[in-house]
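Numbered from 1 within each chain, the chains take letters A, B, ... in sequence-line order. Remember, it's a predicted structure, so these values are computed and weren't measured experimentally. Values reported hereafter were calculated over all heavy atoms of this structure, with side chains retained and with hydrogens, waters and symmetry mates removed.
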There are 2 protein chains.
Amino acid sequence: MNSRVPEGSVAEEKGTSSPLSSPTQISTGFVESAASLFREQGYAACTTRDLASALGIQKSTLYHYIDRKEDLLYEICRQSLAELTGAVQATLETVDSSTAVRAVIATHLSIVLAKKDMFSVTLMETRSLTGARREKILEARLRYRNIIGEVVREGQLNGELRNDIESTYLSMALFDHLNWILFSHSLEGNHVPENIAEHYTRIYLEGAAAKPSDGN
Amino acid sequence: MNSRVPEGSVAEEKGTSSPLSSPTQISTGFVESAASLFREQGYAACTTRDLASALGIQKSTLYHYIDRKEDLLYEICRQSLAELTGAVQATLETVDSSTAVRAVIATHLSIVLAKKDMFSVTLMETRSLTGARREKILEARLRYRNIIGEVVREGQLNGELRNDIESTYLSMALFDHLNWILFSHSLEGNHVPENIAEHYTRIYLEGAAAKPSDGN
DNA sequence: GTCTATAATGGGATAGAC
DNA sequence: GTCTATCCCATTATAGAC
């Protein structure tokens, strides 16, 4: 798996204006190869040799591109959250507010299922980050969480969502739904992302119980 | 945190009749202390010194009780799955079949939320197990998954659950709901398990969307 | 059953040649 | 930009005294 890698090494980020702006240029193939390994083995259990050999290089060569192993994890989390947040915000700007929840679910799932390794690692390995980078990622995650929370609250105001359950619980449940799917999916195997997204949306919105109108 | 520890060291399990029978006696406090650390730091990042110091002993003393660090992880997973499976099976034997899904959700959540560290670790760190033990835990997990799947299918036959969505998706969604709650919960903080369980059950069964009967 | 001391291994990261 | 060689240190696990 020799995805050859271009320019640049990781620099310490200076005070940048936008949150999670790119502090560096590590090639995409590089980052995604790392995401795949981190997902399979876990970040801590994955050695620099593992990373290098997946790229067909020696581990010392790895350090031509990065300063430390953690750089890769940080890039995975940063890129994932930036992409997801951007996509959802773009969706919110174009969609009719009466179907915002539905639209956000669709956007989230399509983004996340397209890059399962990246998002799985972001979810599970953020705790392995240290210092300021960890804080940055946790903040970015919280920002995204707050966007979802806001969409849920507006959904309640619009009549898209029920009002007899606190928004906190609706948000939590939605988050569960959106996140853990990465694991179920890998376990279950051969389900097409589009189908999953459709069914998950219906189950979250309509519920799993039989309706009175159903036959029995 | 000196939970003093009694007898025994880990023996290799012989061919035992029942699945996941206890091959050893490591004290409960020991195992739960390890679960707490594994959850916070991750299994691979948690050192034997960390484990020992949480118990107020030297790391070499740890090896009086276990043969290897992995013993602790295995015990966490084994005990968790045994308890959960047992509790759900007991529930299924006593409950009316028309409310089995509801009852299983309640049982699952009460068990899992009472031992969050244990179950979080079981969910996230099974991959760190090796060899036969890993297989055993994966099998136990699958058995539990199949029990839930069966409950869902019977729920569809009974009219407890809707029939217009494949049971695979209903099971997957239920699993997501039941599992990921461990993480949401820790993030959100101060919600009482009973409340969470109640709301989660309602959202899964009734859905998050506003009903026609709602005031807009 | 707990300790001190230490062996043995493997990991992240660097030096410096090509 | 990639390599070989190596440093340094943390980690798992053991030895053996008390």
Side-chain angles (χ1 to χ4, degrees), chain A residues 1-12 24-31 33-34 37-38 40-76 121 125 127-131 133-134, chain B residues 1-12 24-31 33-34 37-38 40-76 121 125 127-131 133-134:
Chain A
M1 182 170 291
N2 282 14
S3 22
R4 289 294 158 183
V5 182
E7 82 295 356
S9 109
V10 174
E12 274 308 303
T24 169
Q25 298 301 347
I26 310 177
S27 90
T28 308
F30 214 113
V31 173
S33 167
L37 290 180
F38 289 165
E40 281 168 36
Q41 310 177 17
Y43 171 76
C46 182
T47 71
T48 51
R49 175 172 304 160
D50 295 332
L51 290 163
S53 103
L55 293 162
I57 58 179
Q58 297 299 310
K59 64 175 176 162
S60 62
T61 308
L62 202 56
Y63 289 90
H64 187 75
Y65 301 101
I66 59 173
D67 286 338
R68 29 184 74 245
K69 182 181 156 190
E70 195 183 318
D71 294 347
L72 289 166
L73 179 56
Y74 179 67
E75 270 306 288
I76 291 166
V121 170
E125 302 285 2
R127 66 175 168 194
S128 297
L129 289 170
T130 60
R133 290 172 152 189
R134 179 190 195 138
Chain B
M1 181 173 290
N2 282 15
S3 23
R4 289 295 159 184
V5 181
E7 81 297 354
S9 111
V10 174
E12 272 308 301
T24 169
Q25 298 300 347
I26 310 177
S27 90
T28 308
F30 214 113
V31 173
S33 168
L37 289 180
F38 290 166
E40 282 168 35
Q41 309 176 18
Y43 171 77
C46 181
T47 71
T48 50
R49 175 173 304 160
D50 295 332
L51 291 163
S53 104
L55 292 162
I57 57 179
Q58 296 300 310
K59 64 178 174 156
S60 62
T61 307
L62 201 58
Y63 288 91
H64 186 74
Y65 300 102
I66 60 173
D67 286 338
R68 30 186 73 246
K69 181 180 155 189
E70 196 184 317
D71 295 346
L72 290 166
L73 179 57
Y74 179 66
E75 270 306 290
I76 291 167
V121 170
E125 302 284 1
R127 67 173 168 198
S128 296
L129 289 170
T130 60
R133 290 171 152 189
R134 180 190 193 139

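- Applying the side-chain contact (heavy atoms from CB on, under 4.5 Å) rule to B:T130 yields the partners B:E70; only residues at least two apart in sequence or on another chain are considered.
- Judged as a side-chain contact (heavy atoms from CB on, under 4.5 Å), and not counting sequence neighbours, the contacts of B:T48 are B:K59, B:L62, B:Y63, B:K69.
- Between the P atom of D:dT11 and the OH atom of B:Y63 lies a distance of 12 Å, rounded to the nearest Å.
- In this structure, the side-chain contact (heavy atoms from CB on, under 4.5 Å) partners of A:S60, at least two apart in sequence or on a different chain, are A:Q58.
- Distances shown here put every side-chain N or O of B:R68 at or beyond 4.0 Å from the OP1 or OP2 atom of D:dT12.
- Rounded to an integer number of Å, the gap from OH of B:Y65 to P of D:dT12 is 19 Å.
- A straight line from CD1 of A:I57 to C1' of D:dG1 spans 10 Å, rounded to a whole angstrom.
- Nucleotide D:dT12 holds its C1' atom 13 Å from the CD atom of B:E70, rounded to whole Å.
- Judged by distance alone, the side chain of B:S27 and the main-chain N or O of B:F30 form a donor-acceptor pair under 3.5 Å.
- For A:T47, the side-chain hydrogen bond (donor to acceptor under 3.5 Å, both in side chains) partners at least two apart in sequence or on another chain are A:D50.
- For B:R49, the salt bridge (charged side-chain N to carboxylate O under 4.0 Å, His left out) criterion is met by no residue, not counting sequence neighbours.
- A sub-4.0 Å separation between OP1 or OP2 of C:dT2 and a side-chain N or O of B:H64 is absent.
- In this entry the distance linking NZ of A:K69 with P of C:dT14 reads 15 Å, nearest Å.
- We find that CG of B:D50 is positioned 13 Å from C1' of D:dT12, with the value rounded to whole Å.
- Atom CZ of B:R49 is separated from atom P of D:dT12 by 9 Å (rounded to the nearest Å).
- Straight-line distance from the CG atom of B:L62 to the P atom of D:dT11: 14 Å, rounded to whole Å.
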Could you write nucleotides 4-10 of chain D as a row of B, S and -, 5' to 3', where a protein heavy atom under 4.0 Å of any base atom gives B, of only sugar-phosphate atoms gives S, and otherwise -?
B------
